[in-house]
Amino acid sequence: MSAEQILSQFKATGVQTCFHDRHISPQIFANLDGSNWRLKDYEARGGYQALRKILGKDGGEGLTQDQVIATVKESALRGRGGAGFPTGLKWSFMPRQFPGQKYLVCNSDEGEPGTCKDRDIMQYNPHIVIEGMAIAAYAMGISVGYNYIHGEIFGTYERFEEALEEARSAGLLGNNILGSNYSFQLHASHGFGAYICGEETALLESLEGKKGQPRFKPPFPASFGLYGKPTTINNTETFAAVPWIIRNGGQAYLECGKPNNGGTKIYSVSGDVERPGNYEIPMGTPFSKLLELAGGVRKGRTLKAVIPGGSSAPVLPADIIMQCTMDYDSIAKAGSMLGSGAVIVMDDSRSMVESLLRLSYFYSHESCGQCTPCREGTGWMWRVIDRIWRGEGKATDLDLLNSVADNIQGRTICALGDAAAMPVRAMIKHFRPEFEALIQNKNPQAAAHA
């Protein structure tokens with residue numbers, strides 16, 4: 001199937017899959033048409049070959065736990081949920097000789113504004129997540145796993161449950177998988193829609209039936225996780241990348257991207273573009289290429305700014321982002337984060353003050369309230385930005401916002417405080433004249449609709 005045919009199919013389903021100039025095909029969204037998600041379709045695309053390979057069911061001797069982890073390390077696969085931590089290194093933290101129960105958890109609690117990739121992976125290719133988790137569990141000597149799915153995508157949860165039942169019926173999950181001595185039980189858990197449950201320890205609390213609030217770290221989940229047992233947590237897209245790596249080798253995956261940033265990455269492109277959607281492209285692809293694939297800025301307007309990694313990532317002006325490649329290191333060097341890969345594009349018609357107002361309201365609303373700096377500070381920032389937007393701002397408000405953000409960032413149990421503070425500081429840093437002009441000249445239109 002040609003790239004053009006695949007692209008036309010994904011336009012119809014809402015998922016976009018794209019090719020870089022190096023003609024590297026997608027690894028997660030390859031050859032999908034929106035209906036071929038079942039086990040027989042996945043196996044026709046080479047599905048579960050990687051699981052068979054590690055278990056020695058392809059005629060070979062199989063792979064040891066150390067060999068699987070070494071392959072993932074070689075691939076330079078980094079966590080696709082936001083932090084970008086090396087996956088193979090994380091797996092090596094699991095105490096494999098621990099005598100009791102250990103757990104594997106997939107974080108599918110996709111609540112970051114602008115992010116919609118994990119939902120589509122589970123909707124269009126659920127078995128790739130199941131196989132990736134089964135391989136990860138084998139590598140770490142884990143026998144029980146959970147996929148915690150965001151509470152507002154119940155249809156996707158049902159789709160994943162159907163895929164789980166198919167895998168169990170085929171002997172790909174459960175006891176003595178494929179006739180081996182390896183057993184792995186995998187369950188889906190429906191979340192409750194709270195943004196804070198995307199934080200890994202709050203997710204564990206929710207899985208245990210408690211209020212979703214982050215835990216202090218240390219101890220880290222690898223030593224004290226679900227039900228107090230060693231636990232490894234990875235993102236949906238991270239697990240989905242694993243089968244390709246095992247089938248083709250860590251070096252091949254690394255070469256799909258760039259040093260320290262292996263493989264392809266799915267970017268959820270939204271905002272002021274002609275073709276919003278999910279685009280799977282090699283790590284290190286220039287942002288300008290991604291923008292081109294998304295049809296360019298909508299209605300031919302001028303690019304003003306981009307949030308490159310979900311709403312918690314600092315905004316970058318057009319002149320900076322256009323010099324970046326889409327990988328962890330390049331975006332970090334530019335002063336932001338690749339994060340979840342949610343690329344929010346804003347054209348020259350957008351008010352940065354109004355954009356920040358909406359972001360700050362979201363973080364104020366979603367704060368769990370456990371930490372005083374976050375509980376009080378997020379609401380404080382929102383109220384100050386709201387009065388600026390209503391034309392009632394004071395000359396001292398921008399310094400006040402920076403001060404409040406400084407007293408939130410780095411002073412909370414989890415990263416939600418940082419996620420609320422960083423956008424404020426970045427907006428003021430890069431677009432301060434726009435805020436100052438509104439404070440000085442007011443905003444009659446905004447005031448009229450207040």
Side-chain angles (χ1 to χ4, degrees), residues 82 111-115 193-199 202 212-214 270-271 304-317 335-337 339-340 342 344 346 350-443 445-447 449-450:
E112 179 82 354
T115 313
Y195 175 73
I196 192 64
C197 287
E199 196 279 332
Q213 287 190 321
S270 64
K304 182 175 183 178
V306 173
I307 301 175
S311 64
S312 59
V315 67
L316 294 175
S336 188
M337 304 183 301
S340 62
I344 303 171
M346 293 178 277
R350 299 296 174 182
S351 164
M352 294 295 104
V353 183
E354 183 180 21
S355 299
L356 184 58
L357 175 65
R358 295 183 179 186
L359 288 178
S360 62
Y361 176 79
F362 172 81
Y363 287 107
S364 175
H365 181 270
E366 293 294 337
S367 172
C368 74
Q370 185 174 194
C371 305
T372 301
C374 182
R375 181 184 66 246
E376 302 299 326
T378 53
W380 191 358
M381 289 192 299
W382 172 70
R383 290 190 296 272
V384 173
I385 298 164
D386 180 57
R387 76 177 179 222
I388 293 174
W389 176 243
R390 288 186 288 106
E392 300 172 3
K394 304 175 183 178
T396 57
D397 278 348
L398 299 185
D399 290 338
L400 174 60
L401 283 170
N402 273 324
S403 176
V404 175
D406 286 342
N407 281 282
I408 297 174
Q409 192 168 348
R411 292 172 169 81
T412 54
I413 294 173
C414 81
L416 190 143
D418 293 359
M422 289 188 295
V424 171
R425 299 177 68 179
M427 285 284 192
I428 294 173
K429 174 184 176 181
H430 294 297
F431 298 98
R432 190 180 185 101
E434 189 171 332
F435 285 80
E436 291 175 336
L438 183 52
I439 291 171
Q440 294 169 5
N441 303 324
K442 310 304 178 185
N443 188 326
Q445 183 178 4
H449 293 284

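Basis for what follows: all heavy atoms, side chains included, without hydrogens, waters or symmetry-related copies.
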Task: Heavy-atom side-chain proximity of Met352 to His430 below 4.5 angstrom - done: no
Task: With Asp386 via side-chain hydrogen bond (donor to acceptor under 3.5 Å, both in side chains) - residues at least two apart - done: Arg390
Open item on the list: Among residues at least two apart in sequence or on other chains, which ones pass side chain to side chain contact (heavy atoms under 4.5 Å, CB included) with Leu401?
Closed with: Met381, Val384, Ile385, Ile388, Leu398, Val424, Ile428
TODO: For Arg432, look at atom CZ and say whether over 12 heavy atoms of other residues, nucleotides or ligands are found less than 6.0 Å away.
DONE: yes
Open item on the list: Can you give me the closest heavy-atom contact between Pro423 and Ala419, atom names plus distance?
Closed with: CD-O, 2.8 Å
Task: Set of residues satisfying ring-ring contact (aromatic ring centres under 6.0 Å, His included) with respect to Phe362, sequence neighbours excluded - done: Tyr195
Open item on the list: If I take atom CG from residue Leu357 and atom CE from residue Met427, how far apart are they, to the nearest 0.5 angstrom?
Closed with: 11.0 Å
- [ ] List in chain and number order the residues that pass ring-ring contact (aromatic ring centres under 6.0 Å, His included) with Tyr361, two or more places apart in sequence or in another chain; answer none if no residue qualifies.
- [x] Trp382
- [ ] Answer yes or no: is there a side-chain heavy-atom contact under 4.5 Å between Val315 and Lys429?
- [x] no
TODO: Could you tell me whether the side chain of Ser403 reaches within less than 4.5 Å of the side chain of Asn407, counting heavy atoms only?
DONE: yes
Open item on the list: Rounded at 0.5 Å granularity, tell me how far OG in Ser355 sits from CD1 in Ile307.
Closed with: 7.0 Å
Task: Minimum side-chain heavy-atom gap Tyr363-Cys374 below 4.5 Å - done: no
TODO: Please examine the side chains of Phe431 and Leu356, heavy atoms only from C-beta on, and report whether any two atoms are closer than 4.5 Å.
DONE: no
Task: By side-chain hydrogen bond (donor to acceptor under 3.5 Å, both in side chains) - contacts of Thr115 (at least two apart) - done: Ser340
Task: Atom of Gly377, atom of Val404 and distance for their closest heavy-atom approach - done: O-CG1, 3.8 Å
- [ ] Please list, chain by chain and in numerical order, all residues satisfying side chain to side chain contact (heavy atoms under 4.5 Å, CB included) with Ser351, sequence neighbours excluded.
- [x] Val353, Glu354, Trp389, Glu434
TODO: Rounded to the nearest 0.5 Å, what's the gap from CD1 on Ile196 to CG on Leu416? Could you check?
DONE: 4.5 Å
TODO: Answer yes or no: is there a donor N or O on one side and an acceptor on the other, between the side chain of Asp397 and the main chain of Lys394, under 3.5 Å?
DONE: yes
Task: Set of side-chain hydrogen bond (donor to acceptor under 3.5 Å, both in side chains) partners for Ser312, sequence neighbours left out - done: Glu112
Open item on the list: On a heavy-atom basis, which atom in Cys197 and which in Ala202 lie closest, and how many Å separate them?
Closed with: CA-CB, 4.1 Å
TODO: Give every residue pair that meets the salt bridge (charged side-chain N to carboxylate O under 4.0 Å, His left out) criterion with at least one member in residues 410-428, sequence neighbours excluded.
DONE: Asp406-Arg425
- [ ] Quick one: closest heavy-atom pair of Pro373 and Ile408, and the distance?
- [x] O-CG1, 3.4 Å
Open item on the list: Test of understanding: with side chain to side chain contact (heavy atoms under 4.5 Å, CB included), list the residues that count as partners of Ala415, not counting sequence neighbours.
Closed with: none
- [ ] Could I get the full list of side-chain hydrogen bond (donor to acceptor under 3.5 Å, both in side chains) partners for Ser336, not counting sequence neighbours?
- [x] none
TODO: Return each pair, listed once, that meets salt bridge (charged side-chain N to carboxylate O under 4.0 Å, His left out) where at least one residue sits in residues 359-384; pairs must be two or more places apart or across chains.
DONE: none
Open item on the list: Applying side chain to side chain contact (heavy atoms under 4.5 Å, CB included), can you list everything that pairs with Gln213, at least two apart in sequence or on another chain?
Closed with: Lys211, Cys368, Gln370
- [ ] Can you measure from OG (Ser311) to CG (Leu359) and round to the nearest 0.5 angstrom?
- [x] 5.5 Å
